[in-house]
Amino acid sequence: MPELPEVETVVRSLAPQVTGRRILNAEFSQKRVLRGDAGDAARMLGGRIIQSVGRHGKFIVFTLRPKGFLIVHLGMTGKLLWNGEPAKHTHAIFTLNGGTLLYNDARQFGRIEWAEEMPERVRKLGPDALSVAFEDFADLLKKRKSRIKSVLLNQTFVRGLGNIYADEALFRAGIHPLAIGSKLSKERVRKLYHAIREVLNEAIDRRGSSISDYVDSDGNRGSFQALHRVYRRTGEQCGVCGTAIRRTLVAQRGTHFCPKCQKR
DNA sequence: GACGATGTTGGCAC
DNA sequence: GGTGCCAACATCGT
């Protein structure tokens, strides 16, 4: 489900509910989604207070007092639900003073982790897609010799973009998904940079995209899917030129684009 | 029922 | 180290 706008929406819905609360108990019923040992994680989390909740790319980071972090990645179908009912795919239950936080994940591609320090794996990601400065973005892109769609999906380039917003940003910038990153002109890089910011901010305003089952921590769907211009609109007319939207595979991911508006 | 698609990433080979 | 392919899993639509 979750790319930057969806994760940001979850964080914003969750923060007012859990900030300042104490973790009384943590239970993990599905080993797959937990990194490390369930007993260790439960012991380390128990008694700690949630000082803040933030977003690091697509990671949700709970900063704990007196120390440590609870790090959650939602994968494709992960959900963090405040005061929900445990269900078939509930794999973790955090009992706080004053409420319960559930982790549901049908496909189990998501991960939960306790860490005393932010892991290297998470720290080494590229700059956040909404925070990176234009000059840094352009410099980073100059080094990337692969297809721009692959580059945008690579979290060590810039963190936060996924399949939906990569396609939508490339459409808005008029750039073909197979164009080579390092070969884009400064002008086109600038268009792409602004397209990324624009589409992510509009999606956050709409509380994310709910394609199938994405919901925030209160169970509310987003509405940005109604404003997708190419993603999963194969065969529909391009809103700009009327040409049929095409779908192809890039980096093994479904990739949607307008063959007329987007140049290589 | 089989098959292919689905928002992600990490491990492996080159 | 960059790059690309595949696998992990459940569910839904054709």
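Reminder, nothing fancy here: chain letters follow the sequence lines and each chain counts from 1.
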| Among residues 83-92 of chain A, which residues get a heavy atom nearer than 4.0 Å to DNA chain C? | A:Lys88, A:His89

| Other than A:Phe59, what residues sit in its cluster of Ile, Leu, Val, Met, Phe, Trp and Tyr side chains whose heavy atoms are under 4.5 Å apart, directly or through others? | A:Val61, A:Phe69, A:Ile71, A:Met118, A:Val122, A:Leu125

| task | Would you please name every residue forming a side chain to side chain contact (heavy atoms under 4.5 Å, CB included) with A:Pro16, sequence neighbours left out? | result | none

| message | Using a 4.0 Å heavy-atom cut-off to protein, can you give one letter per nucleotide of nucleotides 9-14 of chain B, 5' to 3': B if the base is in contact, S if only the sugar-phosphate is, - if neither? | response | BS----

| message | Can you pull out the residues from residues 171-185 of chain A that lie within a 4.0 Å heavy-atom distance of DNA chain C? | response | none

| remark: Given Watson-Crick and G-U pairs under 3.5 Å, DNA chain C in dot-bracket ([ ] crossing, | other strand) is .|||||||.|||||

| remark: chain A reaches DNA chain C, atoms under 4.0 Å from its heavy atoms, from C:dT3 to C:dT11

| Are side-chain N/O atoms of A:Asp105 and A:Thr77 paired as donor and acceptor at under 3.5 Å? | yes

| message | Does A:Arg246 have more than 12 heavy atoms from other residues, nucleotides or ligands lying within 6.0 Å of its CZ? | response | no

| Of all residues at least two apart in sequence or in a different chain, which pass the side chain to side chain contact (heavy atoms under 4.5 Å, CB included) check with A:Glu8? | A:Arg12, A:Arg55, A:Ile204

Throw together a table of side-chain donor-acceptor distances under 3.5 angstrom for residues 134-141 of chain A, partners on residues two or more places apart or in other chains.
none

| request: Could you list the residues that satisfy ring-ring contact (aromatic ring centres under 6.0 Å, His included) with A:Tyr103, not counting sequence neighbours? | output: none

| message | Whole angstroms only, please: what is the NZ-C1' distance between A:Lys149 and B:dT8? | response | 13 Å

| message | Holding to salt bridge (charged side-chain N to carboxylate O under 4.0 Å, His left out), I want the full list of residues that pass it with A:Glu85, two or more places apart in sequence or in another chain. | response | none

Quick one: side chains of residues 174-186 of chain A, donor-acceptor pairs under 3.5 Å with protein atoms, not counting sequence neighbours, listed by atom name and distance.
from, atom 1, to, atom 2, distance (Å)
A:His176, ND1, A:Leu178, N, 3.0
A:Ser182, OG, A:Arg144, O, 3.4
A:Ser185, OG, A:Arg188, N, 3.1

